[in-house]
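So the structure is just underneath, and the comments pick up after that.
Since the structure is predicted, the reported quantities are computational estimates derived from the model, not experimental observations. Hydrogens, waters and symmetry mates play no part in the numbers below; they use all other heavy atoms, side chains included.
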Amino acid sequence: MSALTLQSKFKLNSGHEIPRLGYGLWETPADKAQEVTIDALNHGYRHIDDAAVYRNEAGAGAAVRAVSATIPRSEIFFTSKVPGRGLNYADAKAQVDRTLKETGLDYIDLMLLHAPYGGSEGRKGAWKALVEAVEEGKVKSIGVSNYGVHHLDELERHIAELEEERGGKGKGGVLSVGQWEIHPWLPRNDITEWAKKRNVAVEAYSPLVRGKRWGEKAVVELAKKYGKTEAQILLRWSLDKGYIPLPKSVTHSRILENADLYDFQLTPEEVAGLETTEYSPVCWDPTVSPIDG
């Protein structure tokens, strides 16, 4: 029996806790976002992953408010992201307020920089805006998405610079979460090792590879062994690697299926056996963008 449950959490560097399974809203139509988010919350999900560019924050926020009689706001972890095209201080600062207004929420649990575009000074400014949002109580935890190791190393330098500029330890902000496309055909071990050394939570988006790998022999064999679907095997792989998978679906049965992961556990050998040496993204890949991009 797995030690994990749908309510399992990971303690972040910020001191807050994040649920170990998320429900993603990428490509969810705005007019469906409230309905499917309520469905996920009623089934036990407590972690909602959204972004400004998904254009469905209003529905997601309405869902969180709609269930407040039975699920307290404090039990729901809501994530959004600052658009990553041309990061800068002013836009990041404005986006925090825009997300609060769109969702109708009093605070955002996690705000990420969506991609490392905009150049070094732009990234530093955007990060500073998130640090200020934490200090103002608008955001609980902050992090990045789609950063390569070179961007992460730069972020550490920016944090040190901001500490010096803003008056001491902690004034540069605390990196709590990183989000990347991760699955057995894109394991990103260089990035995940960087994160784990610093206790940065690793979130895995597109953990089901957009369905492009159904029928892979190793996955099919494990699905048969455990009496699970291929999707459940891939999600369990992510959990057993110590990651926080973010599956998305607007189909009720799959929303339920994607959370039915806790009555089995892959062995260390099975986890290792699924991982490949491929580098096969199915989404965009800003991690490889140049440091001056």
Is the side chain of Tyr226 donor-acceptor paired with the backbone N or O of Leu266 at a distance under 3.5 Å, no angle test?
-> no

What residue among Val53, Asp91, Asn88, Leu130 forms side-chain contact (heavy atoms from CB on, under 4.5 Å) with Val82?
-> Leu130

Between the main-chain N or O of Pro116 and the side-chain N or O of Arg123, is there a donor-acceptor pair closer than 3.5 Å?
-> yes

Less than 4.0 Å between a side-chain N and a carboxylate O, is that true for Asp39 and Lys32?
-> no

Without hydrogens or angle criteria, can the side chains of Tyr147 and Asp153 be said to hold a donor-acceptor pair below 3.5 Å?
-> no

Tell me, which pairs form a side-chain hydrogen bond (donor to acceptor under 3.5 Å, both in side chains) where one or both residues lie in residues 71-86, sequence neighbours left out?
-> Asp49-Lys81, Tyr54-Lys81, Glu57-Ser80, Arg73-Asp109

Where do Arg166 and Glu135 land on the salt bridge (Lys or Arg N to Asp or Glu O under 4.0 Å) test, with the steps shown first?
-> CA-CA 12 Å; Arg166 302 184 73 241; Glu135 293 170 346; 2.7 Å; yes

Side-chain ion pair, Glu154 and Lys124, N-O less than 4.0 Å = no

Centroid-to-centroid, Trp194 to His151, below 6.0 Å?
-> no

Taking 4.0 angstrom as the limit, do Lys171 and Glu164 come out as a salt bridge?
-> no

Do any N or O atoms from the side chain of Lys228 and from the backbone of Asp260 form a donor-acceptor pair under 3.5 angstrom?
-> yes

If you round to the nearest 0.5 Å, how far is CD of Glu102 from CG of Asp97?
-> 12.5 Å

Please, which pairs that meet side-chain hydrogen bond (donor to acceptor under 3.5 Å, both in side chains) have at least one residue in residues 61-70, sequence neighbours excluded?
-> none

Report yes or no: does Arg210 contribute a side-chain atom to a donor-acceptor pair with the main-chain N or O of Val282 at less than 3.5 Å?
-> yes

Do we see a donor-acceptor contact under 3.5 Å between the side chains of Glu132 and Tyr89?
-> yes

Counting distance only, does the side-chain N/O of Asn56 pair as donor-acceptor with the main-chain N or O of Trp26 below 3.5 Å?
-> no

Between Tyr107 and Lys138, is there a cation-pi geometry (under 6.0 Å to ring centre, at most 45° from the normal)?
-> no

Ion pair Glu221/Lys217, N-O distance below 4.0 Å = yes

Polar side-chain atom of Thr28 near backbone of Ala33 as donor-acceptor pair, under 3.5 Å | no

Under the side-chain hydrogen bond (donor to acceptor under 3.5 Å, both in side chains) rule, collect the residues that match up with Gln34, sequence neighbours excluded.
-> none

For His183 and Val209, indicate whether the former's side chain and the latter's backbone hold a donor-acceptor pair under 3.5 Å.
-> no

Which heavy-atom pair separates Ser206 from Glu181 by the least distance, and what is that distance?
-> CB-CG, 4.1 Å

Count the heavy atoms belonging to other residues, nucleotides or ligands that lie under 6.0 Å from NZ of Lys11, then report whether that count exceeds 12.
-> no

For the side chain of Asn258 and the backbone of Arg254, is there at least one donor-acceptor N/O pair under 3.5 Å apart?
-> yes

Whether over 12 other heavy atoms sit under 6.0 Å from Arg213 CZ | yes

Salt bridge (Lys or Arg N to Asp or Glu O under 4.0 Å) between Lys128 and Glu161: does it pass, once the steps are laid out?
-> CA-CA 11 Å; Lys128 180 183 176 183; Glu161 290 168 7; over 6 Å; no

Return yes if some donor-acceptor pair links the side-chain N/O of Glu257 with the main-chain N/O of Gln232 below 3.5 Å, else return no.
-> no

Let me see the working for Arg188 and Asp285 under salt bridge (Lys or Arg N to Asp or Glu O under 4.0 Å), right down to the final yes or no.
-> CA-CA 12 Å; Arg188 297 198 188 279; Asp285 191 14; 2.9 Å; yes

Please check if the side chain of Ser145 supplies one atom and the backbone of Leu113 the other of a donor-acceptor pair under 3.5 Å.
-> no

